[in-house]
Asks: 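Can you read through this structure? Questions will come right after.
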Amino acid sequence: MSQWAIPFNRPSTVGMELAYIQEAIAGGALSGDGAFTRRCHELLEQQLGVSKALLTTSCTHALEMAAILAEIQPGDEVIVPAFTFVSTVNAFVLRGATPVFADIRPDTLNLDEQLLPRLITARTKALVPVHYAGVGCEMESILGCARAHGLLVVEDNAHGLFGRYKGKPLGTFGALATQSFHETKNFTCGEGGALLINDPRFVERAEIIREKGTNRSRFFRGQVDKYTWVDIGSSYLPSELLAAFLFAQLEAREKVQTARRRIWETYWQGLQGWAHDRGVRLPIVPAHCEQPYHMFYLLLPSLQQRQALIAHLRSRGILSVFHYLPLHLSAMGCKYGGRPGACPVTEEVSDRLLRLPFYYALTEADQALVIAAVRDFPG
Ligand SMILES: Cc1ncc(COP(=O)(O)O)c(C=O)c1O
């Protein structure tokens, strides 16, 4: 049991998870790319309209595959937001890339597309926008920039499955996109991810990279009579146990999203007036973005108040958490030239942002306690 009366996250089963795991075991094969993996692939391909979806062991691994597919060479520059998770950039650095950190927009907290023309150089190879909280980046202008400079776009859509930008699903804009099924995400199998491929040119090589650099996928389809080592790669495919769990979650997507929408809207209604009076900013979702209700955050007026609110909630058994530290100011970021003041919005937001408990099984009564505790904050 959690030490918290109301934790920040609590993973739960939402449908057929345990039955499907038993079915996988009864099927007699638990390694990757069995029937449940195929069902997950088909569901993602149909729901999103992507050429190919490939389950991976994490979003981090999907990003690593994307970096290999992008043929990143030492010295190539890759533009990433400074406000993101380590893996968005580390996957490319592993291949020798030099990260170039872009600041974020103050409204959506997404990579500020207006900065791109200043950051792109002759060495830039790829742009990696992150749809923070599942609210779409300004993809029209990002894709326009990429086209003008011949750059590859990899969407880090770890938060954004089933979100949309101008009516089109997130994850369908870049040549490649990545998903996370980590336990904090809307849909999970504990640890997991997916690579979405929109440019069919990448499909065959992606299958090889995911299968240890072999053409085993072609062998299983009967397209070659033996399989062998043909490229670099690793073991990026999850077991059928994970795929079975994940398929049950994806299948229950309407139920999950309805519950999450209710939670998000309840926070919004319960905290709107309070936030206005206290100078606290709630999430901004532009009209042309449909969010997947991944997260509810508050932007407090100062670091001091953010820390005080975390402590106040903790005193009532409620776990609220901050989010990314500015990547350009991390030990690694500094090695790549990051310095204080380089990404001022990221630096400020990182100090002021607080995420409230948000999970499928959060009850109305518990959520009411969270809202009441926030409203009672003396700070
Ligand atoms: C934006 C972003 N990208 C990538 C990841 C890594 O995901 P995973 O834990 O599935 O590797 C995370 C983790 O939460 C994330 O927030």
Asks: Is the backbone of Glu211 close enough, under 3.5 Å, to the side chain of Thr214 for a donor and an acceptor to pair up by distance?
Replies: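 Answer holds: yes.
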
Asks: Taking 4.0 angstrom as the limit, do Arg316 and Asp376 come out as a salt bridge?
Replies: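 So Arg316 pairs with Asp376 through a salt bridge.
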
Asks: Check Val135 against Val285 and note the closest heavy-atom contact, atom names and distance.
Replies: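 Nearest heavy atoms, Val135 then Val285: CG2-CG2, 4.1 Å.
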
Asks: Should Ser320 and Leu309 be marked as a side chain to side chain contact (heavy atoms under 4.5 Å, CB included) after you check the CA-CA gap, both sets of side-chain angles, and the distance that decides it?
Replies: CA-CA 9 Å; Ser320 63; Leu309 180 52; 5.7 Å; no

Asks: Please identify which of these residues, Phe358, Tyr359, Tyr267, meets the ring pair (Phe, Tyr, Trp, His ring centres under 6.0 Å) condition with Phe296.
Replies: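 Testing Phe296 for a ring pair (Phe, Tyr, Trp, His ring centres under 6.0 Å) against Phe358, Tyr359, Tyr267 leaves exactly one candidate, Tyr267.
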
Asks: Is the distance from the ring center of His131 to that of Tyr165 below 6.0 Å?
Replies: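 Between His131 and Tyr165, the centre distance exceeds or equals 6.0 Å.
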
Asks: Could you tell me whether the side chains of Glu251 and Tyr20 share a donor-acceptor contact shorter than 3.5 Å?
Replies: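 Glu251 vs Tyr20: donor-acceptor pair found between side chains.
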
Asks: If the plane angle is over 60° it's perpendicular, under 30° parallel, otherwise tilted; pick one for Phe83 and Tyr132.
Replies: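 Because their plane-to-plane angle lies in the 30° to 60° range, the rings of Phe83 and Tyr132 count as tilted.
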
Asks: Quick check: do Thr37 and Glu240 have side-chain heavy atoms less than 4.5 Å from each other?
Replies: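 They are in side-chain contact.
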
Asks: For the residue pair Gln179 and Lys185, establish whether any side-chain heavy-atom pair is separated by less than 4.5 Å.
Replies: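 No, too far: nothing below the 4.5 Å cut-off.
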
Asks: Taking Arg278 for its side chain and Phe377 for its backbone only, find out whether a donor-acceptor pair lies under 3.5 Å.
Replies: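 Present.
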
Asks: Considering only heavy atoms from C-beta outward, does the side chain of Glu347 approach that of His328 to under 4.5 Å?
Replies: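 SC-SC contact between Glu347 and His328 confirmed.
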
Asks: Please work out which of the three classes, parallel, tilted or perpendicular, describes the rings of Tyr293 and Trp264, given edges at 30° and 60°.
Replies: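 Judged by the thresholds at 30° and 60°, the geometry between Trp264 and Tyr293 is perpendicular.
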
Asks: Among Glu140, Glu138, Arg164, which residue satisfies the side-chain hydrogen bond (donor to acceptor under 3.5 Å, both in side chains) criterion with His288?
Replies: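 Among Glu140, Glu138, Arg164, the one that satisfies the side-chain hydrogen bond (donor to acceptor under 3.5 Å, both in side chains) with His288 is Glu138.
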
Asks: Within the distance-only criterion (no hydrogens, no angle test), does the side chain of Arg210 pair as donor or acceptor with the backbone N or O of Thr56 below 3.5 angstrom?
Replies: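 No, the answer is negative, given that no donor and acceptor are paired below the 3.5 Å cut-off.
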
Asks: Going by heavy atoms in the side chains, are Pro286 and Thr108 under 4.5 Å from each other?
Replies: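 Yes, at least one pair of side-chain atoms sits under 4.5 Å.
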
